[in-house]
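For ligands, and for the atoms within them, numbers begin at 1 and follow the listed sequence.
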Amino acid sequence: MNDTQKLLEIMQNRRDVRGHDFLDKDISDDDLEFILKAGISAPSVGYSQPWKFIIIKDKKIKNEIFQNFEVENEKAKKIFKSSKLYPHLKLEGIKETPLNIAVLYEQPKEDILGMTTMSKMGEYSVVCAVQNMWLMARTLNIGLGWVSILDEQKVLKSIKAPKNHTLIAYLCLGYVDKFKTEPELKTLKWKKEKKLDELCKVV
Ligand SMILES: Cc1cc2nc3c(=O)[nH]c(=O)nc-3n(C[C@H](O)[C@H](O)[C@H](O)COP(=O)(O)O)c2cc1C
């Protein structure tokens with residue numbers, strides 16, 4: 001298999017992994033380093049490298065974040081009240097995973113090349129780092145789940161984030177012995193897969 005096929009296969013086999021699928025095993029320091037190195041290899045606007053990673057192992061902090069999720073998910077349940085499925089979805093793995101990582105964006109103190117017109121490019125750069133981490137985790141048989149049903153300000157307080165930082169992603173990571181072959185929300189018929197020809201237009 002050549003590099004192109006290998007890379008596409010890793011991308012297509014990456015999954016968002018939720019709390020019912022993790023093994024009870026700590027993530028090794030070497031594997032964590034691979035994931036963080038993947039993160040900081042991402043492209044960033046004006047080479048600003050505006051990312052920070054807060055690694056959360058402390059059970060008390062995880063419990064606080066889980067409570068934050070529960071409050072926000074109750075609000076979400078009301079929004080999706082017509083769905084029989086929503087209340088049964090497992091949408092996080094905060095307590096089931098040995099490691100959570102909050103990926104933060106450090107707001108720049110100076111002008112950034114490339115951000116003078118489009119101000120969201122710094123945040124988008126941090127999302128590039130998250131995607132690199134997700135793909136690297138996949139190669140290490142580490143499942144990663146992105147949790148976004150959280151009150152950002154409360155998360156920042158719980159993790160004692162430095163000033164001038166915002167939350168881009170809250171990630172839950174743990175080893176798994178298998179990955180699902182397609183997105184869970186596709187399997188459960190929450191959403192249909194969009195095909196390439198509906199998504200592209202030549203002008
Ligand atoms: C920005 C972002 C936020 C997400 N937030 C959540 C979340 O709060 N809970 C959850 O279960 N999945 C979350 N996901 C995972 C998506 O549901 C998942 O990526 C999608 O269903 C496709 O599945 P796959 O990642 O396994 O291919 C999030 C994904 C992204 C990119």
Heteroatom distance test (Arg18, ligand 1): nitrogen or oxygen, under 3.5 angstrom: yes
What protein heavy atom sits nearest atom 27 (O) of ligand 1, and how far away is it? Arg15 NH2, 2.9 Å
I'd like the name of whichever of Gly19, Pro183, Ala169 reaches closest to atom 23 (O) of ligand 1 through any heavy atom. Pro183
Does Glu182 pair with Lys180 as a salt bridge, N-O distance under 4.0 Å? no
For Arg15 and Trp134 the tightest heavy-atom approach is O-NE1, 3.1 Å
Regarding Lys90 and Glu96, does a basic nitrogen lie under 4.0 Å from an acidic carboxylate oxygen? yes
Hey, is ligand 1 close enough to Leu91 that some N/O pair sits below 3.5 Å? yes
Atom 13 (C) of ligand 1: closest protein heavy atom, distance to 0.1 Å, is Trp146 O, 3.1 Å
Between Pro162 and Ile54, the two heavy atoms sitting closest are CD-CD1, 4.4 Å
Salt-bridge contact Glu72-Lys75 (side-chain N to carboxylate O under 4.0 Å): yes
Minimum non-hydrogen distance to atom 3 (C) of ligand 1, winning option of Ala76, Gly143, Ser148, Gly145: Ser148
At a 4.0 Å cut-off, with the gap strictly under it, does some heavy atom of Arg14 reach an atom of ligand 1? yes
Charged tip of Arg138 within 45° of Phe179 ring normal and under 6.0 Å: yes
Going by the order shown, which atoms of ligand 1 are within less than 4.0 Å of some heavy atom of Val147? 7 (C), 8 (O)
Report yes if Asp16 has an N/O atom closer than 3.5 Å to an N/O atom of ligand 1; otherwise report no. yes
Numbering as shown, the atoms of ligand 1 that approach Ile149 to under 4.0 Å (heavy-atom distance): 8 (O)
Can an N or O of Glu184 be found at a distance shorter than 3.5 Å from an N or O of ligand 1? no
Give me the atom names and distance for the closest heavy-atom approach of Lys62 to Leu99. NZ-N, 4.2 Å
Please determine whether a side-chain nitrogen of the Lys or Arg among Glu9 and Lys6 lies less than 4.0 Å from a carboxylate oxygen of the Asp or Glu. no
Look up atom 20 (C) of ligand 1 and tell me if a protein heavy atom lies less than 4.0 Å from it? no
State whether Glu106 and Lys109 are salt-bridged, where the test is any N-O pair (Lys NZ or Arg NE/NH1/NH2 against Asp/Glu carboxylate O) under 4.0 Å. yes
For ligand 1, which atoms, with element, lie under 4.0 Å from some heavy atom of Leu185? 17 (O), 21 (O)
